[in-house]
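Convention: sequence-line order gives letters A, B, ...; per-chain numbering from 1.
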Number of protein chains: 2
Amino acid sequence: MVRSGPPSRERIVAGAADLISRRGLNATSIRELAKHAQAPLGSTYHYFPDGKQQLATEAVRYAGAAVERLLRRELDAGPVAGLRAFLEMWRGIVVASDFRAGCPVLAVSVEEPPPGDELPPALIAAAEAFQDWERLLAGSLRAHGADPERAPELATLVVASVEGAIAMCRARRDMGPLDRVAHRLEALIETELAAQARQAAQGRQ
Amino acid sequence: MVRSGPPSRERIVAGAADLISRRGLNATSIRELAKHAQAPLGSTYHYFPDGKQQLATEAVRYAGAAVERLLRRELDAGPVAGLRAFLEMWRGIVVASDFRAGCPVLAVSVEEPPPGDELPPALIAAAEAFQDWERLLAGSLRAHGADPERAPELATLVVASVEGAIAMCRARRDMGPLDRVAHRLEALIETELAAQARQAAQGRQ
DNA sequence: CTCTGGCTATAACGCTCGTCATAGTCTAGC
DNA sequence: GCTAGACTATGACGAGCGTTATAGCCAGAG
């Protein structure tokens, strides 16, 4: 019997991403996740038989992929346009939630893995999400003339500073930190690309 | 009877800061905090009668003040020296804990406050800690010739990107992100100060 | 020595946790 | 209509939660 999965499953994953971004992973219970998605508790174990860690992993991948799609789409118009879209997306999430929600990938990243030797899959998914974003940004920077050595550093700086600024905004209940970071990052990228363009023109002349 | 508080109290606060930086606030129990500080559970309620939120607040203030002292000391030798000390401190914490510990101020910042109207004091303490660090950095930048408009933006960028990079390092179990951010931030500050120095010299001539 | 008061040990309160098992209910395909 | 299989309802398991209460320890003051 082929049934297109009911809307429940994706709704649970999306809701989990949202709730984890607000409360953190270990502080969020499966019962809350189910209630937040208006799904019965039993359904979560039906769709995610490996329990909480499986749901958390899928939630991180879901959020990571959504951001990746946004970057892929908006970076076509250049690194600054991509940066602006990236910033506006987070700004919208923080403001719409009245400073209660943030980035689920960050939330998972700052929780200690259990004492065992192997890492929780959700943490690995978080690392991959960050790396994907960095790669897209670095690629766009390089493609638009940034120094190939500085491009990955700039990409990491963008992701790290936006993630950090989101947390600072939540603590202060004020978008000032993200605005200041946005302003500086835009100027930074613009001068980087302008410098390279100037240098290229000089070499050509 | 004036008794200098036994070493227990500060040890509990310091241990709480460490454990909160690893696991997050809501995911850390008072019993774990007591055990981590090798103190009996009863003592935590003796020293901190308002319970978990009081202990968490003091832990955030404790960590915030420690960083503030470090910045105050090292920024005397200039913004780059202060930045280096700031980075090296976090690097030490992350590496020494094998990527398990991070920044307790960030950990508290990314947890949703309870639905009530007033904010938890620990969150307010986190906002104040971030703001203190930013002010010190911005002041040093201005004092060493940075553009007075750009100085606060740069300070926020430094704090935000370091906080974000710490989280990224923990997820990847790799210090690459912090190293890349460090390299870019140093260059950024150096050129900012150099540009202003050049401009000042020009104005003087 | 007694006694006071800072500190600790222990147990308990009602509650929620992650997870599992079991017994349903409903719908799609025959 | 009937049956199979996808989904849900319900309740339970041991464990841990934040917090409080009570009783006990033990150093220092008198």
Rounded to the Å, how far apart are [X] [atom1] and [N] [atom2]?
| X | N | atom1 | atom2 | value |
| --- | --- | --- | --- | --- |
| L33(B) | dG16(D) | CG | P | 16 Å |
| K35(B) | dA9(C) | NZ | P | 13 Å |
| Q54(B) | dG18(D) | CD | C1' | 14 Å |
| E10(B) | dC7(C) | CD | P | 15 Å |

Any salt bridge between R142(A) and D147(A), counting N to O under 4.0 Å? no
Taking only Lys NZ, Arg NE, NH1 and NH2, and the carboxylate oxygens of Asp or Glu, determine whether E88(B) and R84(B) approach each other closer than 4.0 Å. no
W133(B) vs F86(B) aromatic rings, parallel, tilted or perpendicular, using cut-offs 30° and 60°? perpendicular
Map G42(A) and P49(B) onto DNA chain D by nearest heavy atom, then report which one ends up closer to the 5' terminus. G42(A)
For residues 43-54 of chain B, the salt bridge (Lys or Arg N to Asp or Glu O under 4.0 Å) pairs (sequence neighbours left out) are none
Option from L193(A), L185(A), L154(A), L137(A) for which side chain to side chain contact (heavy atoms under 4.5 Å, CB included) with P79(A) holds: L193(A)
Look at the side chain of E111(A) and the backbone N and O of L25(A), then say whether any donor-acceptor pair between them is shorter than 3.5 Å. yes
Between the protein and nucleotides 16-19 of chain C, which nitrogen or oxygen pairs are less than 3.5 angstrom apart?
unit_1  : atom_1 : unit_2 : atom_2 : d
dC17(C) : OP1    : S29(A) : OG     : 2.5
dG18(C) : OP1    : T28(A) : O      : 3.4
dG18(C) : OP1    : I30(A) : N      : 3.3
dG18(C) : OP1    : K52(A) : NZ     : 3.0
dG18(C) : OP2    : I30(A) : N      : 2.9
dG18(C) : N7     : R31(A) : NH1    : 2.6
dG18(C) : N7     : R31(A) : NH2    : 3.4
dG18(C) : O6     : R31(A) : NH2    : 3.0
dT19(C) : OP2    : Y45(A) : OH     : 3.0
dT19(C) : OP2    : K52(A) : N      : 3.1
dT19(C) : O4     : R31(A) : NH2    : 3.1

Which listed nucleotide (dC7(D), dA9(C), dC7(C)) is nearest to the side chain of H46(B)? dC7(C)
